[in-house]
Amino acid sequence: MSVKAIKPDSKIVLVIGGSGFVGRHLVEKLCSLGYTVRVFDLRTTFEHEKVTFYNGDLCNKQDLLKCMDNVDTVFHCATPSPLSNNKKVFLRVNVDGTKNVLDACFEKGVKNLILTSSASVVYSGSNIEHGDETLPYAKRPLDCYTQTKIQQEKLVLSANSESLKTIALRPHGIFGPRDPHMLPTTARLAAAGKTKFIIGKGINKVDFTYIDNVVYAHVLAAQQLQQKPEIAGNAYNITNNEPILFWEFMSRLLKGLGYAAPKYHLPYYFIYFLAFLVQIFVFIVSPFKTIRPTLTTMTVALAGTHHYYSCEKAASEFNYSPVVKLEDAIERTLQSVPELHNKHAKKVK
Ligand SMILES: NC(=O)C1=CN([C@@H]2O[C@H](COP(=O)(O)OP(=O)(O)OC[C@H]3O[C@@H](n4cnc5c(N)ncnc54)[C@H](OP(=O)(O)O)[C@@H]3O)[C@@H](O)[C@H]2O)C=CC1
Ligand SMILES: CC(C)=CCC[C@@H](C)[C@H]1CC[C@H]2C3=C(CC[C@]12C)[C@@]1(C)CCC(=O)C[C@@H]1CC3
């Protein structure tokens, strides 16, 4: 991570979901800052000499209680894969599981809880330009992931109290080394020849946020929560503060991976309608077969509308500003995934 002074600390912190993409980067940063770190996750995906791992399901409170003794701050960044489209699992983990996390925090006297929420909690498919935290939650979220992230954030913020200070960070479109969603999905679609098309006019701006910036925001927020308790109970957008055309960003990734940039335009509403039909079909066959389509109304909307956010509030209330610029972030990310590069690439202009 780029250097910005963050003071070391020796408190015990717990990262729920610490084996995942965001969680593991956060764990590594916390360790380097001198925190005593515990990880709670379904699986252990890496080893670290300074980390104690607890495997368990956050839907089971007893599992959680086992790792919370003497914990000062909990970071909650566990989720089922956002692209998995399984309503039952989202409800169980993001809503019921989060209730367990809160109960366990209260029972064990944890002082601070930082939730990794999502800027998408205010997104229902219409343009959002420079959206700030005064925007209301999406009334009709486009998928069950977003619906349960809204419920989760409400639960966490309303639990804010004298004994447990809570905060929700809302990053958007996270990418970087070891990202399991954006890069692998893009590479998979490209390898299957499905990235030739631009949905809509291609002029919609979006925020994509580099993982180090997301991690930096989490560490800052945790530290500021202790020095400035008045920030508790709030949600904060976290982005790279460099909105970019969605299709420009995707083109950079694709070209960097050795694929051609998309160039043929398809009408937005036509594709949206197609995605809607796909969703109806998926619903009808769901009792017999589980299908997880990439083409959903949510992904089409994300690809064809403006959705970028203001981080003014995080900047003014806990001094957040991105530590890695988008240009560098894209470069570092592409270099980190040699296995996703097109093996048959000719020189693509
Ligand atoms: N990636 C993105 O672009 C964005 C992500 N976010 C938020 O950031 C957070 C982290 O996401 P990300 O790191 O990308 O996701 P990952 O899927 O990489 O990591 C989530 C981790 O949580 C674990 N987990 C899932 N269910 C449970 C459970 N029941 N008990 C314990 N652990 C569980 C997963 O295990 P397993 O892999 O075995 O399921 C995984 O290790 C989430 O809250 C997400 O909503 C917000 C905005 C954008
Ligand atoms: C070329 C092409 C169209 C590639 C597909 C890219 C998509 C896989 C990503 C584009 C925007 C991403 C995104 C998320 C997941 C991956 C994308 C759909 C989230 C839904 C992840 C979880 C969140 O909280 C919000 C994200 C918004 C952006």
Side-chain angles (χ1 to χ4, degrees), residues 1 6-61 63-82 93-94 97-98 100-118 149 152-153 155-156 159 164-171 174 176-181 209 211-226 236 238:
M1 175 183 288
I6 313 179
K7 275 190 233 137
D9 211 309
S10 59
K11 294 202 165 108
I12 301 180
V13 299
L14 171 69
V15 182
I16 301 178
S19 293
F21 170 44
V22 174
R24 178 172 168 190
H25 279 278
L26 177 60
V27 167
E28 288 166 350
K29 185 68 197 171
L30 291 165
C31 287
S32 75
L33 291 169
Y35 286 86
T36 303
V37 183
R38 296 179 191 166
V39 164
F40 179 89
D41 204 302
L42 290 173
R43 303 173 289 133
T44 299
T45 56
F46 65 107
E47 284 174 14
H48 196 297
E49 52 181 13
K50 292 187 181 156
V51 180
T52 314
F53 290 90
Y54 297 81
N55 287 349
D57 184 340
L58 61 84
C59 301
N60 179 340
K61 201 169 94 183
D63 282 357
L64 278 170
L65 289 171
K66 286 183 198 148
C67 62
M68 282 206 188
D69 282 333
N70 306 315
V71 167
D72 179 80
T73 298
V74 169
F75 296 91
H76 177 9
C77 41
T79 183
S81 165
V93 178
N94 287 351
T98 297
N100 278 342
V101 171
L102 288 166
D103 286 351
C105 284
F106 280 115
E107 245 175 272
K108 289 289 180 180
V110 171
K111 295 194 188 70
N112 310 296
L113 171 64
I114 319 278
L115 171 71
T116 316
S117 181
S118 168
K149 288 300 283 184
Q152 178 190 52
E153 189 185 282
L155 282 169
V156 166
L164 178 68
K165 307 235 170 323
T166 66
I167 213 170
L169 299 180
R170 296 176 175 175
I174 310 172
R178 303 193 299 256
D179 148 41
H181 314 298
T209 313
I211 182 65
D212 285 13
N213 297 327
V214 175
V215 165
Y216 177 59
H218 280 68
V219 177
L220 262 184
Q223 294 185 336
Q224 288 294 312
L225 203 46
Q226 310 198 12
Y236 295 93
I238 301 296

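These values consider heavy atoms only, across backbone and side chains, with no hydrogens, waters or symmetry-generated copies.
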If the condition is side chain to side chain contact (heavy atoms under 4.5 Å, CB included), which residues does [X] pass it with, not counting sequence neighbours?
X	result
D41	S19, V39
S118	S120, Y145, K149
P180	F21
K66	D63

Roughly how far, to the nearest 0.5 Å, is the [atom2] atom of [Y] from the [atom1] atom of [X]?
X	Y	atom1	atom2	answer
I114	I16	CD1	CD1	12.0 Å
L113	C105	CG	SG	5.0 Å
L58	T98	CG	OG1	6.5 Å
K11	L33	NZ	CG	13.5 Å
Y35	L26	OH	CG	9.5 Å
F75	R38	CZ	CZ	14.0 Å

Could you tell me which non-hydrogen atom of [X] sits nearest to which non-hydrogen atom of [Y], and how far apart they are?
X	Y	value
S117	A168	CB-CB, 4.1 Å
K29	S32	O-OG, 2.7 Å
A159	F106	O-CZ, 3.5 Å
P171	L169	CD-O, 3.1 Å

Original post:
What do the steps show when you test V22 against V214 for side chain to side chain contact (heavy atoms under 4.5 Å, CB included), and what is the final call?
Top reply: CA-CA 8 Å; V22 174; V214 175; 4.3 Å; yes

Salt bridge (Lys or Arg N to Asp or Glu O under 4.0 Å) partners for [X], two or more places apart:
X	answer
K165	none
D179	none
E153	R170

**OP:** Quick one: list whatever passes ring-ring contact (aromatic ring centres under 6.0 Å, His included) with H218, sequence neighbours left out.
**Re:**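 With sequence neighbours excluded, H218 shows a ring-ring contact (aromatic ring centres under 6.0 Å, His included) to no residue whatsoever.
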
Original post:
Quick one: ring-ring contact (aromatic ring centres under 6.0 Å, His included) partners of F53, sequence neighbours excluded?
Top reply: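 F46.
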
Pairwise side-chain contact, [X] with [Y], heavy-atom cut-off 4.5 Å (strictly under):
X	Y	answer
N213	I238	no
L102	L155	yes
V27	V51	yes
V37	V15	yes

Subject >> Among T166, L115, N94, T116, the one residue meeting side-chain contact (heavy atoms from CB on, under 4.5 Å) with H76 >> reply: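 For H76, the side-chain contact (heavy atoms from CB on, under 4.5 Å) test succeeds with only one of T166, L115, N94, T116, which is L115.
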
Subject >> Passing candidate, side-chain contact (heavy atoms from CB on, under 4.5 Å) with T73, options V110, N112, L30 >> reply: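 Filter result, single survivor: N112.
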
**OP:** Would you mind listing every salt bridge (charged side-chain N to carboxylate O under 4.0 Å, His left out) that reaches into residues 67-80, with sequence neighbours excluded?
**Re:**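 Those involving residues 67-80 are D69-K108, D72-K111.
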
**OP:** Please lay out, stage by stage, how K61 and E107 fare under the test side chain to side chain contact (heavy atoms under 4.5 Å, CB included).
**Re:** CA-CA 11 Å; K61 201 169 94 183; E107 245 175 272; 2.8 Å; yes

Subject >> By side-chain hydrogen bond (donor to acceptor under 3.5 Å, both in side chains) - contacts of T209 (at least two apart) >> reply: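 Testing T209 for side-chain hydrogen bond (donor to acceptor under 3.5 Å, both in side chains), a comparison that skips the adjacent residues, returns none.
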
**OP:** With sequence neighbours excluded, tell me which residues meet side-chain hydrogen bond (donor to acceptor under 3.5 Å, both in side chains) with T44.
**Re:**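 Partners of T44 under the side-chain hydrogen bond (donor to acceptor under 3.5 Å, both in side chains) test: N55.
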
Original post:
Is the shortest distance from a Lys or Arg side-chain nitrogen in K50 or E28 to a carboxylate oxygen in the other one below 4.0 Å?
Top reply: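 Looking at K50 and E28, the cut-off is not met.
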
**OP:** Under the side chain to side chain contact (heavy atoms under 4.5 Å, CB included) rule, what do L220 and Y216 come out as? Steps first, then yes or no, please.
**Re:** CA-CA 6 Å; L220 262 184; Y216 177 59; 3.6 Å; yes

